[in-house]
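One-based numbering, in listed order, for ligands and for the atoms of each.
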Amino acid sequence: MNIRSCFAHDLFQGKTVFITGGGSGINLGIARNFAAVGADLGILGRSQDKLNAAAAELRALGARVSTHAADVRDYPALEKAMRDAREELGPIHTLICGAAGNFPLPAEQISPNGFKSVVDIDLLGSFHTCRAAFEQLQETRGNIIFISAGMAFMPYAFQAHVGAAKAGIDNMMRNLALEWGRFGIRCNSIAPGPIEGTEGVRRLVPEGSADALKQAIPLGRFGTPDDIGQLSVFLASPLASYITGTLVVADGGQNLPGSGAWTQLIMTEMAKAGKSSA
Ligand code: NAP
Ligand code: COA
């Protein structure tokens, strides 16, 4: 389905959407959907090459795009990126905190620095992003969408670091919704299920096991970047103007039977790779 069959092509005309991790995967899918409804886009990530390729794709859809090579763990770099985006595109109306890192590993094998890296990118990086964008969001009475994950509310084997980081994000989301509502700033999270063709699925779904996992999802399929992009446009739009402090799960119902099917597969895979101590 094309987003323009539901939303006006100029719904976000003149509005700036800033996306951390916007150079690839789900976040690039979100960017494409905002471009289709007229938004200007700031995209941030560490690799300038990746951002350039994404920007070319988004400009071909008619968007004005600024790129910002920065690490979300570096607060001064984030502040600069926000200032630059404002100069190029105008104040930020919608902020997507999508940058994240993940590698599946048994908890007893995650090094302290490996755990810290994931928490620093996902949780601290999301705080940096919001803090650096606050004045612009206050000015536009804008909104924030955090890209969370099922690991935030359900244990998945070998995801201790990611679960802790994403749960922290969702709790921070509710805090910011509580505190910043008086500035007109709405804050919500989206928890995607497995999304086809992304780095997350490449890292987390053992080769050859996609079909078995799909069978454990009530809707019988993995999601697409458009599934998450369309939901993001809705949540950022005036249609959602009374929605704040909410986690929206977009996973085809995957969480309903729990994480057992996935846990079983990844444990078997890890054992085969000699990584599981069990
Ligand atoms: P992805 O393409 O690897 O997206 C992550 C993005 O974050 C990349 O563009 C990466 O670009 C950027 N990034 C990573 N570390 C960064 C840092 N320190 N500073 C700035 N940017 C950084 O993976 P994805 O699978 O689409 O995941 C996107 C989001 O969806 C993540 O928040 C993930 O947790 C969430 N999610 C994914 C799935 C899934 O099925 N894929 C399911 C649930 C939730 P650089 O490497 O160039 O920095
Ligand atoms: N297995 C075990 N440990 C790992 C690891 C892996 N696959 N990848 C990194 N680490 C550990 C490192 O060993 C290091 O710890 P140490 O100092 O104790 O050895 C620590 O994590 C930091 O490693 P570094 O290479 O400096 O990572 P980084 O901080 O630059 O990158 C990651 C962050 C590790 C999350 C990296 O995977 C990444 O950049 N991911 C982005 C893309 C992504 O994950 N997309 C999917 C989103 S769902």
Side-chain angles (χ1 to χ4, degrees), residues 18-32 43-55 67-75 77-78 81 96-126 128-129 132 145-154 156 158-163 165-167 169-170 189-205 210 213-214 217 221-225 227-229 231-232 247-252 254-255 259 262 270 273 275:
F18 191 98
I19 308 178
T20 68
S24 60
I26 293 176
N27 302 311
L28 178 54
I30 293 172
R32 274 195 298 267
I43 53 174
L44 180 144
R46 291 165 301 176
S47 156
Q48 184 66 53
D49 286 350
K50 213 194 262 188
L51 294 174
N52 288 345
T67 62
H68 309 272
D71 191 313
V72 291
R73 291 169 285 191
D74 178 354
Y75 186 65
L78 260 278
I96 312 279
C97 297
N102 196 344
F103 52 86
L105 205 61
E108 71 278 12
Q109 293 176 38
I110 301 175
S111 74
N113 192 39
F115 194 97
K116 180 178 185 303
S117 297
V118 169
V119 172
D120 281 356
I121 296 170
D122 293 26
L123 177 55
L124 188 60
S126 293
H128 284 166
T129 304
I145 297 172
F146 298 90
I147 306 304
S148 183
M151 293 84 183
F153 55 87
M154 197 164 57
Y156 279 71
F158 312 145
Q159 291 284 277
H161 44 353
V162 174
K166 296 290 195 185
I169 286 176
D170 291 342
S189 290
I190 295 175
I195 302 300
E196 203 96 63
T198 61
E199 185 60 28
V201 160
R202 271 188 289 281
R203 289 182 183 220
L204 296 178
V205 175
L213 278 176
K214 285 175 193 169
I217 297 175
R221 64 172 178 89
F222 285 173
T224 66
D227 287 325
I228 307 305
L231 172 59
S232 301
L247 167 71
V248 181
V249 180
D251 70 349
Q254 188 206 20
N255 71 92
S259 66
W262 184 82
M270 282 284 183
K275 283 192 181 168

Main chain of [Y], side chain of [X]: is a donor-acceptor contact present, judged purely on distance under 3.5 Å?
X	Y	value
Asp227	Thr224	yes
Ser148	Ile190	no
His161	Phe103	yes
Ser189	Asp170	no
Lys50	Gly22	no

Study note, to complete from the structure: Nearest heavy-atom approach of Leu51 to Leu44 is CD2-C, 3.8 Å
Point to revise | Neighbouring protein residues of ligand 2 - any heavy atom closer than 4.0 Å | key: Arg46, Arg73, Ala100, Gly101, Asn102, Phe103, Leu105, Ser111, Asn113, Gly114, Ser117, Ile121, Glu199, Gly200, Arg203
Name every donor-acceptor pair, under 3.5 Å, that has one atom in a side chain of residues 114-125 and the other anywhere in the protein, sequence neighbours excluded.
unit_1	atom_1	unit_2	atom_2	d
Lys116	NZ	Asp120	OD2	2.6
Ser117	OG	Asn113	O	2.7
Asp122	OD1	Gly101	N	3.1

Check your understanding: Considering only heavy atoms from C-beta outward, does the side chain of Tyr156 approach that of Leu204 to under 4.5 Å?
Key -> no
Check your understanding: Near ligand 1, which residues have a heavy atom under 4.0 Å away from one of its atoms?
Key -> Gly21, Ser24, Gly25, Ile26, Asn27, Leu44, Gly45, Arg46, Ser47, Lys50, Ala70, Asp71, Val72, Arg73, Gly98, Ala99, Ala100, Ile121, Ile147, Ser148, Ala149, Lys166, Pro192, Gly193, Pro194, Ile195, Thr198, Glu199, Gly200, Val201
Revision key, fill the gap. With sequence neighbours left out, the residues meeting side-chain contact (heavy atoms from CB on, under 4.5 Å) with Ala132 are Tyr75, Leu78, Glu79, Met82
